[in-house]
Number of protein chains: 2
Amino acid sequence: MARAKESLTITTPPGEDAGDIGEIRDIVGFHLRLAHGAVYRHFTETFVDLGLTQKQVSVLWLVGDHPGIAQTGLAQRMRMDRATTMAIINRLEARSLLERGKSETDGRKQSLNLTDDGRAMLATAKEAIRAHEEWLKSRYTAREVQLLIELLTRLHE
Amino acid sequence: MARAKESLTITTPPGEDAGDIGEIRDIVGFHLRLAHGAVYRHFTETFVDLGLTQKQVSVLWLVGDHPGIAQTGLAQRMRMDRATTMAIINRLEARSLLERGKSETDGRKQSLNLTDDGRAMLATAKEAIRAHEEWLKSRYTAREVQLLIELLTRLHE
DNA sequence: TATTGTTATACTCTATAACTATA
DNA sequence: TATAGTTATAGAGTATAACAATA
């Protein structure tokens with residue numbers, strides 16, 4: 001396992017005990033967090049006019065693709081718990097972008113659907129996503145994009 | 001550009017307008033967010049006993065590697081603004097894991113250093129990080145790990 | 001003027017716990 | 001008993017704005 005590659009400044013600082021596992025630059029989780037943060041910031045800039053967050057766009061998109069989906073269905077696809085899902089659905093419903101209905105097959109479940117405003121918003125959001133993704137993909141070849149998606153998928157599947 | 005690969009259920013749902021840019025599964029940002037979330041959750045489980053977050057561990061690590069670093073130095077390395085950095089430093093200082101001092105060369109800057117408790121905590125945290133990283137890397141070959149780091153680095157450099 | 005630290009403020013995400021209604 | 005939704009609560013990260021001290 002490669003380590004201490006391209007060290008920035010100090011490799012063995014004073015006061016370092018045992019348990020040294022190398023440079024922070026060798027930690028995958030560190031790069032994942034920085035990369036996520038960078039993409040999150042660019043996303044926020046792109047979407048500041050629409051007033052939508054990453055999560056909200058994902059929910060709109062999934063509800064658009066799966067009309068009548070229940071909140072638990074969303075939670076599973078987005079790896080969120082019920083309370084977090086509630087908070088996001090509440091905000092989108094308050095803005096009249098989607099609406100809750102009762103499921104016909106299971107009285108416990110909700111049936112989520114986009115409103116006309118929600119569909120229009122989703123179409124606009126997808127255009128913004130396209131620009132955002134172009135910015136993101138501009139640093140990769142098409143093959144590298146596929147590779148990155150495959151590697152990332154292994155982390156959340 | 002490949003699209004509509006391994007579609008889950010509905011590929012062309014009713015009510016879909018123009019501006020369709022493909023499946024949400026083709027969006028790099030979507031996978032990046034899910035992957036980050038999965039790693040974040042595992043990290044939280046690993047660190048629940050220590051009571052440290054990703055950001056807090058990263059800050060301890062960087063301060064340990066760069067004794068006397070200023071808050072702006074931390075902010076640059078972690079891509080945070082000053083206010084966010086303050087909030088994290090405040091929590092760590094309140095737990096006596098690091099301490100603020102005045103810089104000798106620039107009266108505006110702070111000089112951050114770990115306390116003895118902070119060094120001990122960092123050593124423990126690095127052990128936990130090692131286990132966390134092994135869990136993460138278990139799904140990759142060594143070459144894929146290097147590749148993933150390189151691809152992620154292009155997003156935040 | 002620019003930089004650094006600080007404080008105040010606000011929003012989002014995340015998670016836990018407890019409650020209600022339904023299966 | 002288990003599942004789905006709901007509500008309340010809390011902590012953490014993120015960002016903006018305004019201010020004081022220093023360069």
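In what follows, every chain begins at residue 1, and chains take the letters A, B, ... in the order their sequences are listed. Nothing here was measured: the structure is a model prediction, and the numbers come from that model. Below, each value reflects all heavy atoms present in this structure, side chains not excepted, and no hydrogens, waters or symmetry copies.
Both A:Gly107 and A:Gly51 lie close to DNA chain C; mapped to their nearest nucleotides by heavy-atom distance, the more 5′-ward contact belongs to A:Gly51. For the pair A:Arg108 and A:Arg79, both in contact range of DNA chain C, the more 5′-proximal nearest nucleotide belongs to A:Arg79. Of the two residues contacting DNA chain D, namely A:Arg100 and B:Arg91, the nearest-nucleotide position lying further toward the 5' end is that of A:Arg100. Judged by closest nucleotide on DNA chain D, B:Lys55 is the one of B:Lys55 and B:Arg82 placed further toward the 5' end.
OP1 or OP2 of C:dG5 sits under 4.0 Å from a side-chain N or O of B:Thr72. Listed pair A:Thr53 / C:dC13 meets the phosphate criterion, a side-chain N or O lying under 4.0 Å from OP1 or OP2. OP1 or OP2 of C:dT6 sits under 4.0 Å from a side-chain N or O of B:Gln71.
Both A:Tyr140 and A:Leu155 are members of a single hydrophobic cluster when ILVMFWY side chains are connected at heavy-atom separations under 4.5 Å.
Rounded to an integer number of Å, the gap from CG of B:Asp81 to C1' of C:dA8 is 14 Å. Between the CG atom of A:Asp106 and the C1' atom of C:dA21 there is a distance of 11 Å, given to the nearest Å. Spacing between atom CD of B:Glu104 and atom C1' of D:dA23 amounts to 17 Å, rounded to whole angstrom units. For A:His36 and D:dT14, the NE2 to C1' distance is 12 Å, given to the nearest whole Å. Put simply, CD1 on B:Ile89 is 16 Å from C1' on C:dT7, counting in whole angstrom units. Separating the CD atom of B:Gln54 from the P atom of C:dC13 is a distance of 17 Å, rounded to the nearest angstrom. Put simply, CZ on B:Arg33 is 19 Å from P on D:dG13, counting in whole angstrom units. For the pair A:Ile88 CD1 and D:dT6 P, the interatomic distance rounds to 14 Å; values are reported in whole Å.
For A:Ala83, whose side chain is taken as the heavy atoms from C-beta onward, the closest listed nucleotide among C:dG5, D:dA8, D:dG5 is D:dA8. The listed nucleotides are C:dA17, C:dC13, C:dT4; the one nearest the side chain of B:Lys109 is C:dT4. With distances taken from any side-chain atom of A:Gln56 to the nucleotides C:dT4, C:dC13, D:dT16, the minimum falls on C:dC13.
Between the CG atom of B:Leu92 and the NZ atom of B:Lys55 there is a distance of 12.0 Å, given to the nearest 0.5 Å. Here the CG atom belonging to B:Leu74 is positioned 6.5 Å from the CE atom belonging to B:Met80, to the nearest 0.5 angstrom.
Under 3.5 Å, the side chains of B:Thr153 and A:Arg25 contain no donor-acceptor pair of N or O atoms.
Taking the charged nitrogens against the carboxylate oxygens, A:Glu134 and A:Arg130 do have a contact shorter than 4.0 Å, which makes a salt bridge.
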